[in-house]
Amino acid sequence: MTMSPSPPDNDRPPPARFALDRWTWKEIAYLLANLPMAIVGFVYTVFLVGVGAGLSVTVIGLPLLALGLGGARGLGRAERARARRMLGVRVEEPSPMVRGRRDRGFFSWLWSGLKDPVGWRALLYSFIRLPWGVATFAVTLVSLFVLWPVLPYLARGLTNADRAMVRGLLSPSDELERRIAELESDRGVVVDTAAADLRRIERDLHDGAQARLVALAMGLGLAKEKLTDDPEAAARMVDEAHGEVKVALQELRDLARGIHPAVLTDRGLDAALSAIASRCTVPVTVSVQLPARPAEAIEGIAYFTVSELLQNVSKHSRATAASVDVWRSGDRLMLQVGDDGTGGARLDGGTGMAGLADRLGAVDGLFVLDSPEGGPTTVTAELPWRDRLAPGTERAGAA
């Protein structure tokens with residue numbers, strides 16, 4: 001069985017030929033259907049705009065226009081489907097209309113409907129199509145009987161103009177739509193990450209410092225009761241409580257360091273990364289080559305990224321040496337952490353790599369893992385570079 005040819009990957013039909021092949025007949029059918037579709041769209045647009053504008057002084061004019069813009073989206077959807085089937089134009093569907101929040105009432109819904117750019121572009125497309133639909137219908141119909149030898153080339157030229165109009169007015173901006181989808185996804189990642197961090201801090205406080213302080217209070221209470229009856233036992237209990245205080249203070253320092261280390265705020269990435277490298281169970285060489293300090297948020301993300309990667313080196317790599325390199329390349333902050341361990345690390349391996357990749361992606365960053373079996377492992381991360389604001393800049397701007 002012979003399969004019908006499909007449109008090529010570059011979104012263009014085959015070259016026009018004198019023979020009236022399948023693509024030519026589809027283009028002819030599209031051009032002949034332009035007139036009825038243009039009449040429907042034109043009548044809808046004129047009626048909607050005329051009635052909506054005429055009744056705008058009443059309470060039903062603007063709501064009618066907002067509802068009509070939703071209907072215009074339907075016309076645009078039908079035209080995109082027709083262009084895909086008959087012209088081979090790959091036109092993606094735009095994002096759904098963003099409706100106002102219901103808890104904000106009627107006016108929020110009305111405003112979100114009236115400012116819908118997709119609906120307005122569909123109305124403009126329908127309005128300008130009538131003269132074009134009349135012209136293409138007449139030229140194509142006459143050419144079927146008079147100019148049929150050159151009809152394939154004529155149909156290709158006319159439908160190329162149709163393709164341009166569909167792409168220009170009915171197709172979404174690919175970059176904008178992609179960016180909207182990414183931001184929606186990244187917003188969810190940021191919210192989930194913040195919630196997980198809050199749960200971790202709460203758990204660390206509850207299971208660590210809080211429990212130790214409760215035990216300390218109980219021990220001091222018992223020591224107070226024994227102070228007159230058994231001073232030596234009370235002294236031992238106070239000494240134990242003193243030790244508990246030291247341990248609780250250390251736990252609180254570790255918790256504060258996990259939120260935002262003081263050395264990072266005071267001395268920057270070089271000193272902060274050297275500090276966490278000194279706590280790694282593997283010898284780590286640190287090289288930070290930065291012309292200036294980045295913004296505080298970017299600096300914090302870079303610090304915690306390297307910190308978690310070095311924890312993975314300590315726990316899983318079985319390496320004998322590791323390295324951390326930080327530098328700036330154009331408008332990107334580059335991080336690279338490598339080790340000579342056994343390799344085999346994966347984003348889905350349960351070592352927190354997937355979480356790091358999500359966190360970096362949420363701020364337009366990039367996370368690349370290269371860890372073949374047998375090693376070595378190299379993790380490269382990119383973050384957008386943003387300059388650090390001068391002290392007092394935010395306060396002055398707010399004032």
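- Pairing each heavy atom of Gly119 with each of Ala72, the nearest pair is O-CB, 3.7 Å.
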Check your understanding: Taking it one step at a time, do Arg129 and Asp162 satisfy salt bridge (Lys or Arg N to Asp or Glu O under 4.0 Å)?
Key -> CA-CA 10 Å; Arg129 289 286 291 178; Asp162 277 296; 2.4 Å; yes
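- For the pair Asn34 and Leu31, the minimum side-chain heavy-atom distance is below 4.5 Å.
- Counting only heavy atoms from C-beta outward, the side chains of Leu290 and Leu333 approach each other to under 4.5 Å.
- Judged by distance alone, the side chains of Asp340 and Thr320 do bring a donor and an acceptor atom under 3.5 Å apart.
- In this structure a side-chain-to-backbone donor-acceptor pair under 3.5 Å is present from Arg80 to Leu170.
- Counting non-hydrogen atoms of other residues, nucleotides and ligands closer than 6.0 Å to CZ of Arg386 gives a total of 12 or fewer.
- Cation-pi geometry between Arg82 and Tyr30 is satisfied (NZ or CZ under 6.0 Å from the ring centre, within 45° of the ring normal).
- In this structure a side-chain-to-backbone donor-acceptor pair under 3.5 Å is present from Thr136 to Gly133.
- Hydrophobic clustering places Leu124 together with Val43 (ILVMFWY residues linked when any side-chain heavy atoms are closer than 4.5 Å, directly or through intermediates).
- The line from CG of Leu130 to CD1 of Ile128 is 11.0 Å long, rounded to the nearest 0.5 Å.
- Closest approach of Ser317 to Asp339, counting heavy atoms only: CB-OD1, 3.8 Å.
- In this structure, the side chain of Arg121 does not engage the main chain of Leu123 through any donor-acceptor pair within 3.5 Å.
- Between atom CG of residue Leu273 and atom OH of residue Tyr303 there is a gap of 8.0 Å, rounded to the nearest 0.5 Å.
- Proximity of Leu369 to Thr377: side-chain heavy atoms (C-beta onward) are separated by under 4.5 Å at one or more points.
- The minimum heavy-atom distance linking Ser371 with Gly344 is given by the pair OG-N, 3.0 Å.
- Counting heavy atoms from C-beta outward, Tyr125 and Leu75 have side chains that stay 4.5 Å or more apart.
- Of the inter-residue distances, the one linking Gln289 atom CD with Asp270 atom CG reads 8.5 Å to the nearest 0.5 angstrom.
- Pairing each heavy atom of Ile28 with each of Ala155, the nearest pair is CG1-CB, 4.3 Å.
- Between Val89 and Arg167 the shortest side-chain heavy-atom distance falls below 4.5 Å.
- At least one side-chain heavy atom of Val368 sits less than 4.5 Å from a side-chain heavy atom of Leu366.
- Put simply, the side chain of Thr342 never gets that close to the backbone of Gly374: no donor and acceptor are under 3.5 Å apart.
- Here the shortest heavy-atom pairing between Cys280 and Ser314 reads SG-OG, 3.1 Å.
- Residues Ile39 and Phe42 fall within the same hydrophobic cluster, defined by Ile, Leu, Val, Met, Phe, Trp and Tyr side chains chained together at heavy-atom separations under 4.5 Å.
- Listed here is the closest heavy atom pair of Ala322 and Val313: CB-CG1, 4.2 Å.
- At a threshold of 4.5 Å between non-hydrogen side-chain atoms, the residues Trp132 and Leu158 count as touching.
- Criterion: ILVMFWY side-chain heavy atoms under 4.5 Å apart, direct or through other members. Under it, Leu335 and Trp327 are not part of a common hydrophobic cluster.
- A distance of 9.5 Å separates OG1 in Thr281 from CG in Leu310, rounded to the nearest 0.5 Å.
- With rounding to the nearest 0.5 angstrom, the CG atom of Leu383 is 9.5 Å from the CE atom of Met334.
- Looking only at side-chain heavy atoms (C-beta outward), Val379 and Phe367 come within less than 4.5 Å of each other.
- Interatomic distance, Arg267 CZ to Ser274 OG, rounded to the nearest 0.5 Å: 8.0 Å.
- Placement of Met86 and Leu32 within a single hydrophobic cluster is found when ILVMFWY residues are connected by side-chain heavy-atom separations under 4.5 Å, directly or transitively.
- For Arg163 (side chain) and Leu87 (main-chain N/O), a donor-acceptor pair under 3.5 Å exists by modelled atom type.
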Review point. Is there a side chain to side chain contact (heavy atoms under 4.5 Å, CB included) between Gln336 and Thr378 once you walk through the steps?
Key: CA-CA 7 Å; Gln336 192 168 77; Thr378 302; 3.7 Å; yes
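- Linking Ile, Leu, Val, Met, Phe, Trp and Tyr residues whenever their side-chain heavy atoms come within less than 4.5 Å places Trp385 and Val306 in a single cluster.
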